[in-house]
Amino acid sequence: MPNSGLPKSMTSIAIREPGGPDMLVAREQPVPTPGEGEILVKVAAAGVNRPDVMQRQGHYPPPKGATQIPGLEIAGQVVAVGPGVTRWQNGDQVMALVVGGGYAEYCLAFASHTLPAPPNLSMIEAAAIPETFFTVWYNVFERGRLAAGETILVHGGSSGIGTTAIQLGKAFGARVIITAGTA
């Protein structure tokens with residue numbers, strides 16, 4: 001699907017070499033085109049996660065075949081849909097967990113890894129949801145089958161995953177017990 005009406009190039013953030021935040025540099029590159037099952041999102045906000053920092057430091061390489069652009073979670077507006085995508089349309093406000101590329105003006109996302117951005121949240125707030133909430137939801141509720149009235153033990157209760165597990169556990173009626181390294 002051609003990117004009709006979209007610019008041919010975009011600004012993205014590249015890692016010049018492993019190191020601190022000063023190693024992040026702006027680069028121009030082509031706007032990607034969504035493939036089978038993908039959407040193209042005009043990024044309004046991107047989350048900053050531990051894997052993004054580790055990638056910048058040279059300790060977390062992107063998966064084979066994935067973009068070198070950091071950024072694992074985004075929120076923004078759908079501007080193009082690839083073949084086979086029926087759930088999303090141009091103009092939809094979404095948040096997504098992506099394999100990389102969030103630190104750019106436009107980012108590809110799998111349609112199946114995308115949810116509607118909650119209308120009561122800003123795009124900045126919505127961009128902070130996918131990595132931790134998707135991870136906790138899948139592991140605690142889909143795999144672990146946590147139900148109301150059960151107990152969940154959360155190790156590392158002060159981490160992003162930990163605080164999300166606490167919130168979701170409580171919201172779904174579980175008894176939550178946490179551990180942390182310090183008081």
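FYI, side chains are in, hydrogens and waters are out, and symmetry mates aren't considered; it's all heavy atoms of this structure.
Scored by the side-chain hydrogen bond (donor to acceptor under 3.5 Å, both in side chains) test, Glu131 finds no partners at all (sequence neighbours excluded).
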Go through the steps to decide whether Leu146 and Phe172 satisfy the test side chain to side chain contact (heavy atoms under 4.5 Å, CB included), and finish with yes or no.
-> CA-CA 9 Å; Leu146 181 68; Phe172 284 87; over 6 Å; no

Worked verdict on Leu108 versus Ile39 for side chain to side chain contact (heavy atoms under 4.5 Å, CB included) = CA-CA 6 Å; Leu108 293 173; Ile39 60 174; over 6 Å; no

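A 6.0 Å sphere centred on CD1 of Ile124 holds no more than 12 heavy atoms belonging to other residues, nucleotides or ligands.
Judged purely by atom type and a 3.5 angstrom limit, Gln68 has no side-chain atom pairing as donor or acceptor with the backbone of Ile15. Using a distance-only test at 3.5 Å, with no hydrogens or angles considered, no donor-acceptor pair links the side chain of Arg143 to the main chain of Val140. Looking only at distances, no side-chain donor or acceptor of Glu142 sits under 3.5 Å from a matching main-chain atom of Asn139. In terms of modelled atom types and a separation under 3.5 Å, the side chain of Asp52 and the main chain of Gly71 share a donor-acceptor contact. Of the possible polar contacts, none joining the Arg175 side chain to the Gly149 backbone as a donor-acceptor pair under 3.5 Å is found.
Looking at Leu40 and Pro32, their side chains come closer than 4.5 Å, going by heavy atoms from C-beta outward. Counting only heavy atoms from C-beta outward, the side chains of Tyr103 and Thr67 never approach each other to under 4.5 Å. Val154 has its side chain out of reach of Thr179: every pair of non-hydrogen atoms, C-beta onward, lies at least 4.5 Å apart. Looking at Phe134 and Leu115, their side chains come closer than 4.5 Å, going by heavy atoms from C-beta outward. Residues Arg27 and Ile13 fail the side-chain proximity criterion, which asks for heavy atoms closer than 4.5 Å. With a 4.5 Å cut-off on side-chain heavy atoms, Pro18 and Gln57 do not count as touching.
For the pair Ala104 and Met10, the tightest heavy-atom approach, listed with the atom from each and the gap, is CB-CE, 3.9 Å. For the pair Ile69 and Ser12, the tightest heavy-atom approach, listed with the atom from each and the gap, is CD1-CB, 3.7 Å. When all heavy atoms of Gln167 and Phe133 are compared, the closest pair comes out as OE1-CZ, 4.2 Å.
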Show me the donor-acceptor pairs within less than 3.5 Å that the side chains of residues 88-100 make with the rest of the protein, sequence neighbours left out.
unit_1, atom_1, unit_2, atom_2, d
Trp88, NE1, Ala111, O, 3.2
Asn90, OD1, Ala80, N, 3.2
Asn90, ND2, Val79, O, 3.4
Asp92, OD2, Gln89, N, 2.8

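Linking Ile, Leu, Val, Met, Phe, Trp and Tyr whenever their side-chain heavy atoms come within less than 4.5 Å puts Val53 and Leu24 in one cluster. Hydrophobic cluster membership differs between Met123 and Ile74, with clusters built from Ile, Leu, Val, Met, Phe, Trp and Tyr side chains linked at under 4.5 angstrom.
Ring-centre distance between Phe141 and Trp137: below the 6.0 Å cut-off.
Counted by atom type alone, Thr11 and Glu28 present one or more donor-acceptor pairs between their side chains at under 3.5 Å.
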